[in-house]
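Before any comments, here is the structure.
Lettering follows sequence order; numbering is per chain, from 1.
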Amino acid sequence: QKEVEQDPGPLSVPEGAIVSLNCTYSNSAFQYFMWYRQYSRKGPELLMYTYSSGNKEDGRFTAQVDKSSKYISLFIRDSQPSDSATYLCAGTGGTSYGKLTFGQGTILTVHP
Amino acid sequence: ETGVTQTPRHLVMGMTNKKSLKCEQHLGHNAMYWYKQSAKKPLELMFVYSLEERVENNSVPSRFSPECPNSSHLFLHLHTLQPEDSALYLCASSQISGTVDGYTFGSGTRLTVV
């Protein structure tokens, strides 16, 4: 079993739609949960992170973590064509340095 | 220069060649990482250097040889690679015991082995 499972998609939605991206994980040591966005020919950039369970909102983006079910979600409201990218979920915890474990990534396309 | 810089951006090499990937960070971080990103697979952590000492080597074949001469520079030396080694190689840096929002990736080197 992979430590972090993510549906690779691809996911195609019209502009303005609400997008839901999801991951599951198996490592109980994870304390931080991250969502990265990766544009073509670029490295991943951190979009949001959450510590333990709960919700976090930043503009059109909301991250949710449910540690009891080991489920991570990212919601994008009023999606824009500029949101088209690969979205990677990741978890980390238990080491002093940042050992991140990633999901496969979901390819999202928002069409005008 | 700011952030994490990787060179070259693209590299094509034959299976008998020897080449090196370079990573430089200008963030004052003290941990550096090599990841491999292949199509349809999660990012795979290859090596971790913490305070210039290798602390993780995740069963990476010996044809990949990392080097961390100081806290700002990280190299990945490549020799006798296989076509399945073609991938995007990403470097990252962070501060030990720092917050996750300080973890920064470079733009990667796209490697093609022919």
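There is a path of hydrophobic side-chain contacts, each under 4.5 Å, that joins A:L47 to A:Y25. B:W34 and B:M32 fall within the same hydrophobic cluster, where Ile, Leu, Val, Met, Phe, Trp and Tyr residues are linked whenever their side-chain heavy atoms come under 4.5 Å apart, directly or through other members. B:L76 and B:L74 fall within a single hydrophobic cluster, where Ile, Leu, Val, Met, Phe, Trp and Tyr side chains are chained together by heavy-atom contacts under 4.5 Å. Under the 4.5 Å side-chain heavy-atom criterion for ILVMFWY residues, no single connected hydrophobic cluster contains both B:L51 and B:F75. Hydrophobic clustering of Ile, Leu, Val, Met, Phe, Trp and Tyr side chains at less than 4.5 Å, counting indirect connections, keeps A:Y71 apart from A:L11.
Contact of B:E44 with chain A is not made at all, since no heavy-atom distance falls under 4.5 Å. Interface residue B:L43: backbone and side-chain heavy atoms are both found under 4.5 Å from chain A. At a 4.5 Å heavy-atom cutoff, A:Y39 makes no contact with chain B through either its backbone or its side chain. Contacts of A:E45 with chain B are absent, with no heavy-atom separation under 4.5 Å from either backbone or side chain. At a 4.5 Å heavy-atom cutoff, the contact between A:P44 and chain B is made by backbone and side-chain atoms alike.
Of residues 105-114 of chain B, those residues with a non-hydrogen atom less than 4.5 Å from any non-hydrogen atom of chain A are, in numerical order, B:F105, B:G106, B:S107.
Remark: B:L90 CG to A:K42 NZ distance equals 12.5 Å, nearest 0.5 Å. Considering CZ of A:R41 and NE2 of B:H10, their distance stands at 7.0 Å, rounded to 0.5 Å. Distance check: A:K99 NZ to B:S94 OG gives 13.5 Å after rounding to the nearest 0.5 Å. Annotation: the span from A:M48 atom CE to B:D101 atom CG amounts to 12.0 Å, rounded to 0.5 Å.
Other residues, nucleotides and ligands place no more than 12 heavy atoms under 6.0 Å from the CD atom of B:E53. Open room surrounds NZ on B:K19; 12 or fewer heavy atoms of other groups in view lie less than 6.0 Å from it. More than 12 heavy atoms of other shown residues, nucleotides or ligands fall within 6.0 angstrom of atom NZ in A:K56.
Residues B:P42 and A:V4 fail the side-chain proximity criterion, which asks for heavy atoms closer than 4.5 Å. With a 4.5 Å cut-off on side-chain heavy atoms, A:L100 and B:L45 do not count as touching. Looking only at side-chain heavy atoms (C-beta outward), B:Y103 and A:Y36 come within less than 4.5 Å of each other.
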Item checked: Verdict with reasoning, A:Q104 to B:K41, per side-chain contact (heavy atoms from CB on, under 4.5 Å) -> CA-CA 5 Å; A:Q104 191 173 339; B:K41 293 176 75 175; 5.6 Å; no
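In terms of heavy-atom pairs under 4.5 Å with chain B, the best-connected choice from A:A90, A:P8, A:G105, A:G103 is A:G103.
Of all heavy-atom pairs spanning A:L46 and B:V100, the tightest one is CD2-O, 4.0 Å.
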